[in-house]
Amino acid sequence: MASESKMIMLRSSNNEVFEVEEALAFESQTIKHMIEHDCADTVIPLPKVSSNILAKVIEYCKKHVTSPKDDNNELESFDAEFVNIDKNVLFGLMSAANYLNIKSFLDLTSQALADIIEEKC
Amino acid sequence: MAGRKKRKLKLIAEALNDGQILDKDVREPVELWSELPTELLELIISRLTLKDNICISAVCKKWQSVAVSVRVVQKSPWIMHFPKHGELFEFYDPCQRKTYLVELPELRSCRVCYAKDNWILLYKPITQRLLFFNPFTRELIKLPKFELSYQIVAFSTAPTSPNCLVFTVRHVSPTVVSISTCNPTATQWSTVNYRNRLPFVSSIWNKLVFSNGLFYCLSLTGWLGIYDTQEHTWTVCGVPPPKCPENFYSKNWWKGKFMTEYQGDILVIYTCENENPIVYKLEQTNWTEMNTLGGVTLFASFLTSHARTDLLGVMRNSVYFTKVRFYGKRCISYSLDHGRYYPKKQCHDWGEQDPFESIWIEPPEDFTDFVKS
């Protein structure tokens, strides 16, 4: 059995609670900071992130944390598919990436939005 | 034309702002482009090319201010005019269309040879010395004595870099050249004779360009000699000169050529008095004629030429020459897009220009001190 990893509870803006592994939660520098500096209780409130968006953020982080480091092609195709969504949701993801301070996710979402603009120009 | 552009911008603005969607599960309005906070807008817009940045800055005032704040614009080269008499030098910026006058007594009795990375290489015949000069910092670096006859000389990078190499090719016979190289820190030049399988003519009409560790030397007949600075080898490239239209072989046909490099590609501009210039790119087996420069602007001068992209105030897909029409203060340029010179004139004989009169140089990022002096 794998060693016990600490679980973190995240509460979305509409009061839904998500339980995630610490390693995954630490992809977010904001959450990492709150935990390391004891700013949060057992549950970390994320009033700026809805559960829809939070679920997708967790999905992204899970993929990036669990994928083997050298499998760039798979991650690239995952990322490309991941941002192939309605642009309003993309906005929400970018806002969340910024608020949660997840650099790779912020780069991915902002580039996707820049690509949308470029297409229209 | 204005009406069409306005309509296009309206369409872009509408496409970006198409309606609001309520997220059914949470009943919270999802943000629109126009409601994006500035910091996020900055992150997105800073990823656009200069062309798109300028395009979207017309969408609305908020976007315009963000676009301008993240806009990155490259510096264009300047023309440095060498006076026939005296020590007052003229520097011309084609983007700002401004001229600066500077006294440079250090350059008395010097003939310009090459320019790159804010530095110029000059030759002083009376002392038989080549020297580096940075007109912006007034730094001067002398090289060991070397007699430069009827040949041209170039350097790889700024002399302040340890990898800097000065290079010159001298004609000995059609199958032998004499190559001399020197590093600014060396005490003397090193000269080696090389044999080339294919005949090669080295003269004052040759063009030199450094790229990826190689010095490319274009002969007056259009053949390319290549010197490898790492392997210390010299070979004449088997690619024959491009087939220009018949008129290009009229008088002084060997004089009006310019050579530069862009992202590893070697580009040569062939000009002819009564014809439009032709730009060729070196490929594996031949020179291909370029119908467009892909947004790049070329700055052509006899001794050295440069390529730039992302410039403001200067046309893309154009070649700029070192002649300025002071009425209107514009540089004479040739547009590949429109197939014509600006301003329009009957003919331009670039081969007849005095080669040592002017050169394109690269100003530093910050030249405020230079401008003040």
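Every chain is numbered from 1 and lettered A, B, ... according to where its sequence line falls, protein lines coming before strand lines. Quick note: numbers below take in every heavy atom, side chains included, and nothing from hydrogens, waters or symmetry partners.
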Rounded to the nearest 0.5 Å, what separates atom [atom1] in [X] from atom [atom2] in [Y]?
| X | Y | atom1 | atom2 | answer |
| --- | --- | --- | --- | --- |
| A:Met94 | B:Leu36 | CE | CG | 7.0 Å |
| B:Leu43 | A:Gln111 | CG | CD | 11.5 Å |
| B:Asp52 | A:Lys120 | CG | NZ | 13.0 Å |

In this structure, are over 12 heavy atoms from other groups packed under 6.0 Å from [X] atom [atom1]?
| X | atom1 | value |
| --- | --- | --- |
| B:Glu261 | CD | yes |
| B:Gln230 | CD | no |
| B:Lys323 | NZ | no |
| B:Lys62 | NZ | yes |

Exercise for the section: Specify the closest pair of heavy atoms between B:Leu40 and A:Ser95, including all atoms of both residues, with the distance to one decimal. Expected result: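 Between these two residues, the closest heavy atoms are CD1-OG, 3.5 Å.
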
Completion exercise
chain B shares the most heavy-atom pairs under 4.5 Å, among A:Ala112, A:Ala114, A:Ser110, with A:Ser110

Handout entry: Any B:Arg47 side-chain heavy atom under 4.5 Å of A:Asp107 side chain
Key =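 Counting from C-beta outward, B:Arg47 and A:Asp107 do come under 4.5 Å.
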
